[in-house]
Structure formats: C-alpha cells, structure tokens
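Below, each value reflects all heavy atoms present in this structure, side chains not excepted, and no hydrogens, waters or symmetry copies. The chain is numbered in sequence order, starting from 1.
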Amino acid sequence: MEALNLSYCSCVGSSRLTSSRDLFNSFCLSTKKKITIKFSNTGAFSLKNQAFISLRRPRSRTISAAMATGSVREVLPPALDSTSEPPPLFDGTTRLYISYTCPYAQRVWITRNCKGLQEKIKLVPIDLQNRPAWYKEKVYPANKVPSLEHNNEVKGESLDLIKYIDSNFEGPSLFPDDPAKREFAEELLAYTDSFSKAVMTLLKGDGVDEAGAAFDYIETALSKFEDGPFFLGQFSLVDIAYAPFVERFVPFLREVKKYDAMAGRPKLEAWFEELSKNEGFQQTRREPKELVEAYKKRFAAHL
C-alpha cells in the first residue's frame with residue numbers, strides 16, 4: 001500500500017491510533033493514489049483521486065481511555081501565593097482554581113483535560129501553603145480548591161464540579177446513558193469518601209483490615225461490567241473520581257507500610273494500567289516518589 005499522510009482527529013485533541021475502530025472513529029487521509037482500507041467489522045471501501053477525504057463516525061456518548069486523551073499540551077502556570085495579584089475576576093473567562101498537589105482538585109483537572117477544554121477553562125493554581133488573601137475574600141469564601149469560576153459564579157466540591165463540567169461544556173460525555181450504569185456510577189461516587197477514609201486508617205496506623213476491605217470493594221466493582229477495564233466498562237467520571245487517590249495510596253502503602261494493594265486484585269491492577277495510558281490523566285500526574293515523600297511528611301506523626 002502507498003504511504004499515506006494521516007492524522008487522527010477527535011474532539012479532545014490528537015492521539016495515537018490504537019486500533020482500526022479508533023482509526024474509523026475520526027480521521028483524515030491525504031493521497032492521490034487509489035487505496036483500499038479494510039476494517040474487521042466494517043467491510044472495505046475504496047478512495048480514489050481525492051485530495052482530502054474526511055470520514056467521521058456518529059459521536060458516541062461514552063469514550064475509551066484512548067480517546068479521552070486530552071492531548072492538548074499546555075505550559076502549566078506557576079502557583080499563585082500571598083504576593084500574587086488576583087486575575088481579572090468575573091471578566092467572562094472560565095477559570096479552574098486548583099492546587100497541583102490536591103487529589104480533589106486533580107479530579108476536576110482530569111475532567112477538563114479529557115473533555116478537551118484546555119483552551120476553554122483556564123487553570124489558576126493556588127499555593128495552599130501560602131494562599132493569597134484575595135482567593136477567600138473575592139473568589140471562594142470556603143478557601144478550598146477546587147473551585148470553578150463560570151458565568152459570573154463560583155462553584156466548589158470536586159464531585160459536583162466534575163459532573164457540572166461534563167454536563168455544561170462541549171466534548172465527549174464522561175457519564176453513561178445506560179440506566180443500570182448510571183445507577184451504579186452514583187453508588188460508586190457516593191462510596192469515594194468511605195474508600196478514602198478506610199485506606200487512611202492504614203496510612204495513619206494499623207488499619208489493614210479496613211483498607212483491605214475497601215480495596216476489595218473496588219476489585220468487585222471493577223468486575224461488574226465486562227465491556228471494558230473501567231468501573232462502568234468504558235472510561236467515565238467514576239474512574240476520574242478514584243484515580244488521584246489510588247495514585248497516591250498504592251505507592252505509599254507499598255513502600256512505607258509494605259502492603260501491596262494490587263496483590264491478588266488483578267482487576268484493580270489492570271484498571272490502573274489502562275488508566276495510566278490516558279493522556280488527560282497523565283498531564284496531571286506527579287512522580288510516585290514525590291507523592292510518597294509528601295505523604296511521609298503528612299503522616300510523619302503516625303509512622
């Protein structure tokens with residue numbers, strides 16, 4: 001076959017091609033030669049003497065990790081501290097106030113990336129150790145991150161914000177249409193705090209049983225749907241809600257507590273491996289060693 005100039009296009013930015021299905025989803029071909037491209041489940045088609053041909057499949061309501069790449073690369077701004085001037089507030093710009101180290105803020109940051117909203121929602125990182133006074137006074141009285149400035153309002157709470165961004169901004173849907181999956185998604189989102197608290201008992205002391213039960217719950221949940229490696233089969237807000245915490249808990253427990261949360265939990269291990277391929281998630285990640293050191297300082301009194 002003749003060499004082709006080919007680029008993959010999706011609503012969340014360019015990505016590596018992973019399969020013929022991904023290729024068929026959205027792509028552009030530039031060639032003057034006659035070509036035939038075969039797909040295992042779509043038959044074959046022939047293109048001839050076309051300078052530019054664009055083929056697009058009807059947009060799905062859910063996306064795979066490969067599609068949810070958020071592959072628009074950006075230069076991350078420095079965190080604002082007590083010496084920093086505030087941005088021009090309520091000027092029509094949508095702003096996401098985060099901390100680069102906060103797992104709750106990371107949830108919303110991942111959602112923004114996976115929706116391909118890097119140019120629509122501006123990141124405003126806050127130094128939580130030296131917060132600017134104007135953040136509490138003029139932006140968000142709760143003085144926490146994350147918060148979202150949108151339509152002359154500021155909203156908070158990470159689980160509320162990931163749903164809000166998914167529902168009110170363009171980009172691929174990160175929540176399923178299927179009623180059974182929606183119901184299970186709400187159950188899993190409601191369990192996130194219980195999961196974190198249970199694992200924290202082991203981080204702070206000798207809570208092996210509680211932490212083990214929490215990880216077992218996750219392993220069982222990942223077995224419910226068989227149409228993919230994620231909680232709802234396909235990548236969704238549920239995966240985003242758990243990702244920042246598993247990312248922190250697993251390496252800390254392994255190094256400091258000598259507890260391997262992945263051992264005997266193949267679904268959990270496969271989930272995180274697949275999740276780690278998601279560029280929207282990758283762009284928010286920190287080095288495991290850095291995360292471990294941060295938790296060592298946080299829980300020094302319990303070690």
Worksheet item: Is the backbone of L275 close enough, under 3.5 Å, to the side chain of N278 for a donor and an acceptor to pair up by distance?
Response: no

Fill in: Common cluster, L159/M200, ILVMFWY with side-chain heavy-atom separation under 4.5 Å
yes

Discussion item. Under a 3.5 Å cutoff, is there a donor and acceptor pairing between the side chains of S84 and D81?
Written reply: yes

Discussion item. Side-chain heavy atoms nearer than 4.5 Å, only ILVMFWY residues, links allowed to pass through others: does that put I218 and F230 together?
Written reply: yes

Worksheet entry | Which atom of L161 lies closest to which atom of S147, heavy atoms considered | CD1-CA, 4.0 Å

Discussion item. Distance check, rounded to the nearest 0.5 Å: D178 atom CG versus F225 atom CZ?
Written reply: 6.5 Å

Worksheet, complete the sentence: The residue among Q282, E247, R285 that forms side-chain hydrogen bond (donor to acceptor under 3.5 Å, both in side chains) with S276 is R285

Discussion item. Pair V108, L148 - check side chain to side chain contact (heavy atoms under 4.5 Å, CB included), show working.
Written reply: CA-CA 9 Å; V108 192; L148 182 73; 5.8 Å; no

Worksheet item: Roughly how far, to the nearest 0.5 Å, is NZ of K267 from OG1 of T220?
Response: 11.0 Å

Item to complete: Determine, step by step, whether I121 and K115 satisfy the side chain to side chain contact (heavy atoms under 4.5 Å, CB included) criterion, reporting the C-alpha distance in whole Å, the side-chain angles of both residues, the deciding distance to 0.1 Å, and the verdict.
Response: CA-CA 10 Å; I121 300 179; K115 298 282 285 185; over 6 Å; no

Worksheet entry | Common cluster, Y140/Y104, ILVMFWY with side-chain heavy-atom separation under 4.5 Å | no

Discussion item. Does this structure show an ion pair linking K144 with E157, if we count only N-O contacts that are shorter than 4.0 Å?
Written reply: yes

Worksheet entry | Atom of L237, atom of L189 and distance for their closest heavy-atom approach | O-CD2, 4.3 Å

Worksheet item: For the ring pair Y217 and Y191, is the centre-to-centre distance below 6.0 Å?
Response: yes

Worksheet entry | Residue K122 excluded, over 12 heavy atoms near NZ under 6.0 Å | no

Item to complete: Return the orientation label for the F169 and Y164 ring planes: parallel under 30°, perpendicular over 60°, tilted otherwise.
Response: perpendicular

Worksheet item: Considering residues at least two apart in sequence or located in another chain, which fulfil the salt bridge (charged side-chain N to carboxylate O under 4.0 Å, His left out) criterion with K120?
Response: E170

Discussion item. Please check if the number of heavy atoms outside E183 that lie under 6.0 Å from its CD is greater than 12.
Written reply: no

Discussion item. So does L253 get a backbone contact from the side chain of K258, meaning a donor-acceptor N/O pair under 3.5 Å?
Written reply: no

Practice prompt. State yes or no: are the ring centers of F215 and F249 separated by less than 6.0 Å?
Written response: no

Discussion item. Between E293 and R286, is the salt bridge (charged side-chain N to carboxylate O under 4.0 Å, His left out) condition met? List the steps.
Written reply: CA-CA 11 Å; E293 290 304 314; R286 307 182 78 84; over 6 Å; no

Worksheet item: Is there a donor-acceptor pair closer than 3.5 Å between any side-chain N or O of T284 and the backbone N or O of F281?
Response: yes

Discussion item. Looking at every non-hydrogen atom in both residues, tell me the closest pair between V250 and A261 and how far apart they are.
Written reply: CG2-CB, 4.1 Å

Worksheet item: Which residues pass the side-chain hydrogen bond (donor to acceptor under 3.5 Å, both in side chains) test with Q129, sequence neighbours left out?
Response: none

Discussion item. Using 0.5 Å steps for rounding, measure from the CZ atom of R248 to the CZ atom of R298.
Written reply: 9.5 Å

Item to complete: Describe, in one word, how the ring planes of Y135 and Y97 are oriented to each other, choosing from parallel (under 30°), tilted (30 to 60°) and perpendicular (over 60°).
Response: tilted

Worksheet entry | Any donor-acceptor pair under 3.5 Å from K181 side chain to L232 backbone | yes

Worksheet item: Got a donor-acceptor contact below 3.5 angstrom from the N151 side chain to the E153 backbone?
Response: no

Worksheet item: Taking everything shown except E210 itself, do over 12 heavy atoms lie less than 6.0 Å from its CD?
Response: yes

Worksheet item: Does atom NZ of K296 have more than 12 heavy-atom neighbours from other groups under 6.0 Å away?
Response: yes

Response to the item:
Heavy-atom nearest pair, T192 first then R107, reads CB-NH2, 3.5 Å

Item to complete: Report yes or no: do F195 and I162 belong to one cluster of Ile/Leu/Val/Met/Phe/Trp/Tyr joined by side chain heavy-atom distances under 4.5 Å?
Response: yes

Worksheet item: What is the minimum heavy-atom distance between P87 and W134, and which atoms define it?
Response: CD-CH2, 3.6 Å

Worksheet entry | Linked, directly or transitively: I110 and I126 (ILVMFWY side chains, under 4.5 Å) | no

Worksheet entry | Side-chain donor or acceptor of D239 paired with backbone N/O of F231 under 3.5 Å | yes

Discussion item. I'd like to know if the side chain of K257 reaches the main chain of G205, judged simply by a donor and an acceptor atom lying under 3.5 Å from each other, with no hydrogens or angles considered.
Written reply: yes

Worksheet item: Sub-3.5 Å donor-acceptor pair from the side chain of R131 to the main-chain atoms of L128, do we have one?
Response: yes

Worksheet item: Does K138 come within less than 4.0 Å of E149, counting only side-chain N to carboxylate O?
Response: no

Item to complete: Would you please name every residue forming a ring-ring contact (aromatic ring centres under 6.0 Å, His included) with Y295, sequence neighbours left out?
Response: F252, F299

Worksheet entry | Under 3.5 Å donor-acceptor, R254 side chain and D260 backbone | no

